[in-house]
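Okay, so here's the structure we're looking at.
All heavy atoms count here, side chains included; hydrogens, waters and symmetry mates do not. Below, chains carry the letters A, B, ... as their sequence lines are ordered, and counting in each starts from 1. What you are looking at is a predicted structure, and each value in this text was computed from that prediction instead of being measured.
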There are 2 protein chains.
Amino acid sequence: MSDKVVELSKIKVACKDCSLFQLCLPMGLESDDLEKLDVIIKRRRPVKRGEDLFRVGDGFRSIYAVRSGSIKTFSPTQDGQEQVTGFHLTGELLGLDAISNNYHPCTATALETTSVCEIPFERLEELGHQIPSLQRQLFRVMSREIFTEENHTLLLGKRNAEERLAAFLLSVSNRFKSRGFSPNEYNLSMSRNDIGNYLGLAVETVSRMFTRFQESGLLTVERKHVVIHDLDRLHDMAGSSRSSGNTRSSG
Amino acid sequence: MSDKVVELSKIKVACKDCSLFQLCLPMGLESDDLEKLDVIIKRRRPVKRGEDLFRVGDGFRSIYAVRSGSIKTFSPTQDGQEQVTGFHLTGELLGLDAISNNYHPCTATALETTSVCEIPFERLEELGHQIPSLQRQLFRVMSREIFTEENHTLLLGKRNAEERLAAFLLSVSNRFKSRGFSPNEYNLSMSRNDIGNYLGLAVETVSRMFTRFQESGLLTVERKHVVIHDLDRLHDMAGSSRSSGNTRSSG
DNA sequence: CGATGCTTTGACGAACTTCAACGCGGGTGG
DNA sequence: CCACCCGCGTTGAAGTTCGTCAAAGCATCG
């Protein structure tokens, strides 16, 4: 069960050997329970930039964990627009919003070449009956997702453009940090358009804010590449965010 | 276990005799499983208008189902403001956002005299291991909550004042309808202030929109009382809302 | 009956969107 | 290898929506 081998097209890394172990679903599981989970997980070939992991209306079968790369989820609105509902970075789950309807309410598109673990939900549910700690972790993950959505709501409800972009950059920063990457320097895989859409702002406003942030010495930005010079100030500007983290998990 | 009696201060109605049976947690449960759930549920004395069911930071022990009345949940923001994160009507659950953090990230205040069922989460979790259909229902409820939050996000991200208020009124309408009340006529238990806060609008803007809606013949409003004359048009105005319902459940 | 809190209304200004144009960079084809 | 093209990002100007400020109307309650 655990002698997974690295192949060319199907990279098989057992949960126990995965660097995301502490962030992902198996967090807190005992070794033998971990293997049970490991067995039901499907490792798929990487999704290329622009390809979809699933589409709006697709039947719900699995939830997904991002192993590397990043994914955006978005829903169509009645007037034919799209609304970006979330960005999912390494170690984050998506698809949880499909459980109740039994189909995916959003489309998931890779922002760059991305590997995911596919976790068939029925089997996960069965496993949950056997492994209480997995059950609990699953509840925790879903609850955190609700909490995260509330935070996003909070952001869009009361905050101006400056605060929104600051909060967004801070959120990305925190998420990279908790995965062992630099919180001060990273590449944004999503376009300005996606960011604006997600934050409820026009692209132009996002661009202007980036310029303003840079002029004030808060950060340096060049296309996708962001270097944050003053995380404390960014934090102050973000203001609104509720006490706890901004960790995303589903979409 | 099922011979609950109506008392004066503690109204005891077994799940199987509750009119919300089809909307609430026990949906789809077999008779004997229902009784198991029934046993762990605590019926508390009603919460009066303005009283809190729980407060921000309170330790998480239970989730709650609204039996009658309504509750608003709100979180403090860093600058001392409040952000209303949800309204919870009859048959809806709240407290699900506390599972991951182990404390409540929001305060829940009664908007009118409100009865709730308190469901100790640890015991519910245990019961979930025994009763797969309860487990599944719990996942479904949590997933629906994520979906609902996404919808709220969508609303705040892209929609103007008119669309927001229309979507809000439509959501309330749908929720009353699914509980067997009139979708065309209802009383709003929350203040204009709460509505504005929830929708990310100034109170004055909400008021102006109500006036505009009334002048256009869409509805009649007098303080809390709302009569909707043209649900179809309201639906068109709300526009943005994603395909499925607006059913809330947690906060 | 006055006090208080909620709601409405009007005037004004600020923030953000929209429209338009331009710059830049990466990819493609000659 | 260079030139061109196209998408993305930036910048400027004008327009609109909504928030803020101020004041008055109106119900509820002591």
Side-chain angles (χ1 to χ4, degrees), chain A residues 48-50 72 77 79 81-84 109 111-113 155-169 187-216 219-226 237 239-240, chain B residues 48-50 72 77 79 81-84 109 111-113 155-169 187-216 219-226 237 239-240:
Chain A
K48 290 201 189 107
R49 177 195 163 100
K72 74 167 171 178
T77 60
D79 50 2
Q81 306 254 54
E82 284 176 357
Q83 168 74 38
V84 174
T109 305
L111 292 167
E112 58 196 313
T113 302
L155 190 69
L156 298 184
K158 284 247 165 313
R159 303 298 143 189
N160 62 25
E162 182 178 294
E163 293 167 318
R164 290 183 197 193
L165 186 59
F168 172 72
L169 293 172
N187 284 299
L188 294 168
S189 56
M190 65 293 289
S191 69
R192 299 285 191 271
N193 218 323
D194 288 337
I195 297 174
N197 191 313
Y198 178 71
L199 295 177
L201 298 171
V203 199
E204 294 93 329
T205 307
V206 173
S207 185
R208 277 184 257 268
M209 285 301 140
F210 268 123
T211 305
R212 197 203 283 179
F213 284 179
Q214 180 155 258
E215 281 171 353
S216 78
L219 50 75
T220 305
V221 58
E222 199 192 339
R223 299 184 65 76
K224 307 281 188 195
H225 188 71
V226 177
M237 289 173 73
S240 90
Chain B
K48 290 198 188 113
R49 179 193 161 99
K72 72 167 171 178
T77 60
D79 51 2
Q81 306 252 54
E82 283 175 357
Q83 168 73 40
V84 174
T109 304
L111 292 167
E112 58 196 312
T113 302
L155 191 68
L156 298 185
K158 284 248 165 311
R159 302 297 144 189
N160 63 24
E162 182 179 294
E163 293 166 319
R164 290 183 197 194
L165 186 59
F168 172 73
L169 293 172
N187 283 300
L188 293 167
S189 57
M190 66 294 289
S191 69
R192 298 284 190 272
N193 218 323
D194 288 337
I195 297 174
N197 191 312
Y198 178 71
L199 295 177
L201 299 171
V203 198
E204 294 92 330
T205 306
V206 174
S207 185
R208 275 184 261 266
M209 285 300 140
F210 267 124
T211 305
R212 197 203 284 180
F213 283 178
Q214 180 155 260
E215 282 170 353
S216 79
L219 49 76
T220 306
V221 58
E222 199 192 339
R223 297 185 66 74
K224 306 282 187 195
H225 188 71
V226 176
M237 289 174 72
S240 91

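No side-chain donor-acceptor contact under 3.5 Å links N187(B) to the backbone of S189(B). Checked by atom type and distance alone, the side chain of E112(A) never pairs as donor or acceptor with a backbone atom of R49(A) at under 3.5 Å. With hydrogens and angles ignored, the 3.5 Å screen pairs a side-chain donor or acceptor of E163(B) with a backbone N or O of N160(B). Remark: side-chain polar atoms of D194(A) are not paired, donor with acceptor, to backbone N or O of V84(A) under 3.5 angstrom.
A straight line from CG of N160(A) to C1' of dT17(C) spans 15 Å, rounded to a whole angstrom. Between the CZ atom of R164(B) and the C1' atom of dG19(D) there is a distance of 12 Å, given to the nearest Å. Rounded to whole angstrom, the span from the CD atom of E163(A) across to the P atom of dC16(C) amounts to 9 Å. F210(A) has its CZ atom 12 Å from the C1' atom of dT10(D), to the nearest Å. Atom P of nucleotide dG7(D) and atom CE of M190(A) are separated by 22 Å, given to the nearest angstrom. The separation between M209(B) atom CE and dG19(D) atom C1' is 12 Å, rounded to whole Å. One can place CZ of R223(B) at 10 Å from P of dC6(C), the figure rounded to the nearest angstrom. The distance from atom CG of N197(B) to atom P of dT7(C) is 13 Å, rounded to the nearest whole Å.
The nucleotide whose nearest atom lies closest to any side-chain atom of E204(A) is, among dG19(D), dA22(D), dA20(C), dA20(C). Listed nucleotides dT20(D), dT10(D), dT17(C) differ in distance to V203(A); the shortest reach to its side chain belongs to dT10(D). The nucleotide whose nearest atom lies closest to any side-chain atom of R192(A) is, among dA15(C), dT17(C), dG9(D), dG9(D).
Along DNA chain D, the nucleotide closest to S191(A) and the one closest to A161(B) are compared, and the more 5′ of them pairs with S191(A).
Residue R208(B) places none of its side-chain N or O atoms closer than 4.0 Å to OP1 or OP2 of dT8(C). Close to dC6(C), at under 4.0 Å from its OP1 or OP2, lies no side-chain N or O of K224(B). Taking side-chain N and O atoms only, S207(A) has no distance below 4.0 Å to OP1 or OP2 of dT11(D). Between T211(B) and the phosphate of dT9(C), there is a side-chain N or O to OP1/OP2 separation shorter than 4.0 Å.
Checking R192(A), K72(A), Q83(A) one by one against N197(A), the side chain to side chain contact (heavy atoms under 4.5 Å, CB included) holds for a single residue, Q83(A).
Heavy atoms of G196(A) sit nowhere under 4.0 angstrom from any nucleic acid atom.
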